[in-house]
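Before any comments, here is the structure.
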Amino acid sequence: MNRALELAWHGATEWIEGLEHRSVGATASLADLRLSFSAPLPNDGTSAENVIRELIDEAKSGMHGSAGGRFYAWVIGGGLESALAADWLVATWDQNAALYSSSPASAVIEETAGEWIKELLDLPRDASFAFTSGCQMAHMTSLAAARAALLKSVGWNVEEDGLFGAPEIRVLTSDQRHITIDRAVRFLGIGRNAIEQLKTDEDGRVSPAALDSALADSSKLTMLVLNAADLNIGACDPFRKLIPMAHAAGAWVHIDGAFGLFARASRTHRHLLDGVDLADSWATDGHKWLNVPFDCGIAIVRDREAHRAAMTSSASYVAPETAARDQTDWNPEYSRRARGIPVYAALKELGRSGVEALVDRCCAYCTEIVEGIGALPGAEILARPTLNQGLLRFGRPGASPEQNDAVTDATIQRINATGEAFFSGTTWRGRRAMRVSVVNWRTSEQDVTRAIAAGAAVLTRA
Ligand SMILES: Cc1ncc(COP(=O)(O)O)c(C=O)c1O
């Protein structure tokens, strides 16, 4: 056993050390990977050492360097040293962190991690929380609490009676929402047709006028889901105006703050999220800006009773809390790993000031990359970062928008093929764009220079 662990340790540290000079994008093709891994189920076993050696040798060319500082695609953080090491320990301890009794230390460490997160993000200290597999499951957890509370307010117990015959619920949300909102709504049995899209203004924010006209219909119970940084341009809705309007209409307000909520830790950027703490529930991720390894989401709910009612596996609606915290009262899973332990480690390693520095650094680097590549021939800045997300587009003079969509996608591919940086494409306001997302603690000034140089190598050769 130890030999396999030693190999894994060497493979892991070599991988981390190689992040700086290896190609950021995976280099193996689908055919290569199938050649390595598609095989019949073995009849007889092989030594653990051989299994790990083969995994290390064969998988690495099919892995992106997303743990490194030159990866700017989607919104994917890296793993802080303490968080990664803590994650290894979580796997090694192999606890079932469902109950205090099944892993006492996990329960108490996660309890502290949840309290620290609420304090860092400056959200209500008496709110309940859960460490989920990601932001989508944090949405589902939060909206399950919303469903319980809204229906309870009209005398319907959804936990006992389900949704058949229940009063209708609708979900008002931004036209710039993340797709995981729709999935959470589907999983809760509310259905995608219950979603009513609110138009955003030129800054990507839901306008008070759009909400006002939607709220004029008071025939249904209402959830409102707002963005604390949308995935494309990091737009934050005007919470201080919208949330009181929604509350006056009896709506539950939920916030998608998958990465953006962490801007609350920055004195420079927290004004962008002014009033976000007025909401009823919040979903965020540990595996994005906090830089804990995949996977870790966090749900925070103001109405503890509704949260517990929606998630607990105990029969009683308002079972008294015992002295210790059983995670299964707050989480959608029963058996689970202790995802909060890497969060505890990350917060302890960084401290409040370290999170603030990380957020500010990422925002500054994002602006540098967007402006640096945006100044190159054939590039256009579509959205200058207000936070850590920006958009670029590429094109040729006189070409049609459709042709420039193709140019944009081809340019992204060519930049990625340099191996120096890795970006993803997105569709924004109907047109293709390159998204620049900076959330990794490892990203350095040198990485930024390399990204701009990769853009220059492609665009000046075009
Ligand atoms: C704004 C936003 N919301 C939600 C999600 C979904 O997060 P997860 O993949 O952790 O479920 C993402 C992921 O990129 C996101 O950027």
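Both ligands and their constituent atoms are indexed starting at 1 by order of listing.
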*Set of residues satisfying side-chain hydrogen bond (donor to acceptor under 3.5 Å, both in side chains) with respect to E368, sequence neighbours excluded*: none

*In ligand 1, which numbered atoms sit nearer than 4.0 Å to a non-hydrogen atom of L231?*
16 (O)

*Does H139 reach ligand 1 with a nitrogen or oxygen that is under 3.5 Å from one of the ligand's nitrogen or oxygen atoms?*
no

_Cation-aromatic face contact R414/F394, 6.0 Å, 45 degrees_ = no

*Atoms of ligand 1 less than 4.0 Å from T180 heavy atoms?*
4 (C), 5 (C), 6 (C)

*Do any nitrogen or oxygen atoms of M137 come within less than 3.5 Å of a nitrogen or oxygen of ligand 1?*
no

*Hey, which atoms in ligand 1 end up nearer than 4.0 Å to a heavy atom of G134?*
10 (O), 11 (O)

*Is R22 positioned over the aromatic face of W15, cation under 6.0 angstrom from the ring centre and no more than 45 degrees off axis?*
yes

_Proximity of W330 and H307 rings by center, below 6.0 Å_ = yes

*Measure Q136 to ligand 1 on non-hydrogen atoms and call it side chain, backbone, both or neither using the 4.0 Å cut-off.*
both

*Identify, with sequence neighbours excluded, every residue that meets side chain to side chain contact (heavy atoms under 4.5 Å, CB included) alongside K348.*
W116, Y344

*Under 4.0 Å from any heavy atom of H287, which atoms of ligand 1 are there?*
10 (O)

